[in-house]
Amino acid sequence: QVQLVESGGGLVQAGGSLRLSCVASGRTFSTGTMAWFRQAPGQEREFVAYTIWSSGFAYYADSVKGRFAISRDNAKNTVFLQLNNLKPEDAAVYYCAVGRLARVTADSYDYWGQGTQVTVSS
């Protein structure tokens with residue numbers, strides 16, 4: 001069993017930055033993918049970014065490319081999501097997830113955190 005705990009969300013003005021963290025426990029990660037998704041009220045869960053645990057390869061949704069950065073600390077089983085130049089449309093609950101394959105669909109991921117709220121004021 002894997003447990004994921006996100007933190008770092010909050011209220012920020014448009015143009016501001018936040019850094020989200022996701023700590024994984026329950027097993028040692030050497031393979032697989034860790035991803036961030038987000039979900040705004042009344043909308044479907046949306047892919048944001050993923051990183052392949054072994055190589056660090058990262059892939060982003062077009063809507064966040066150039067503004068968000070995903071990184072990992074293998075020793076701490078932690079994945080980060082740096083959110084820069086935030087826009088009101090970035091406001092959502094952000095979730096981290098773990099899966100075996102590098103995919104952009106939510107159903108490809110086996111474990112999920114509880115989410116952390118990001119609010120962006122205009």
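- Here the side chains of Tyr50 and Tyr109 are in contact, with some heavy-atom distance below 4.5 Å.
- Here CZ of Phe47 is found 6.5 Å from CZ of Phe37. Values are rounded to the nearest 0.5 Å.
- Applying the disulfide bond (SG atoms under 2.5 Å apart) definition to pairs two or more places apart or across chains, those involving residues 71-122 are Cys22-Cys96.
- Contact annotation: the side chain of Ser71 never approaches that of Gln82 to less than 4.5 Å [non-hydrogen atoms, C-beta and beyond].
- With rounding to the nearest 0.5 Å, the separation of CG in Leu20 from CZ in Phe68 is 8.0 Å.
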Candidate pair Arg45 and Trp112, rule side-chain contact (heavy atoms from CB on, under 4.5 Å), full reasoning: CA-CA 12 Å; Arg45 195 162 293 191; Trp112 293 83; 3.3 Å; yes

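- Considering only residues two or more places apart in sequence or on other chains, Ser55 meets the side-chain contact (heavy atoms from CB on, under 4.5 Å) condition with Ile52, Phe57.
- Clustering of Ile, Leu, Val, Met, Phe, Trp and Tyr side chains at separations under 4.5 Å leaves Leu101 isolated, with no partner residue.
- Two residues are said to be in side-chain contact when any heavy atoms from C-beta on lie closer than 4.5 Å; Tyr59 and Ile70 fail this criterion.
- Arg103 pairs by the salt bridge (Lys or Arg N to Asp or Glu O under 4.0 Å) definition with nothing, not counting sequence neighbours.
- A salt bridge links Asp62 with Lys65: the closest approach of a Lys/Arg side-chain nitrogen to an acidic carboxylate oxygen falls below 4.0 angstrom.
- Side chain of Thr116 to backbone of Gly9: a donor-acceptor contact under 3.5 angstrom is found.
- Between atom CD of residue Gln1 and atom CG of residue Asp110 there is a gap of 10.0 Å, rounded to the nearest 0.5 Å.
- Across all non-hydrogen atoms, the minimal contact from Ala40 to Ala91 is CB-O, 3.8 Å.
- The hydrophobic cluster containing Val23, built from Ile/Leu/Val/Met/Phe/Trp/Tyr side-chain heavy atoms closer than 4.5 Å, comprises no other residue.
- Put simply, the side chain of Leu81 reaches to within 4.5 Å of the side chain of Val48, judged on heavy atoms.
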Please walk me through it: do Thr119 and Val12 pass side-chain contact (heavy atoms from CB on, under 4.5 Å)? CA-CA 6 Å; Thr119 304; Val12 64; over 6 Å; no

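- A distance of 10.0 Å separates CG of Leu86 from OG of Ser121, quoted to the nearest 0.5 Å.
- Between the side chains of Asp73 and Thr78, no donor-acceptor pair is found at a separation under 3.5 Å.
- Separating the OG atom in Ser7 from the OH atom in Tyr94 is a distance of 15.0 Å, to the nearest 0.5 Å.
- A 4.5 Å side-chain heavy-atom check between Asp90 and Arg38 finds at least one atom pair inside the cut-off.
- Put simply, the side chain of Arg72 gets close to the backbone of Trp53: a donor and an acceptor are under 3.5 Å apart.
- Remark: Arg67 CZ to Lys87 NZ distance equals 4.5 Å, nearest 0.5 Å.
- The hydrophobic cluster of Phe80 has no other members, since no ILVMFWY side-chain heavy atom comes under 4.5 Å of it.
- Using a 4.5 Å cut-off on side-chain heavy atoms (C-beta onward), Glu46 and Trp36 make no contact.
- Remark: the backbone N or O of Gly115 is paired with a side-chain donor or acceptor of Glu6 at under 3.5 angstrom.
- Contact between Gly113 and Tyr95 at its shortest, heavy atoms only, is O-CD2, 3.6 Å.
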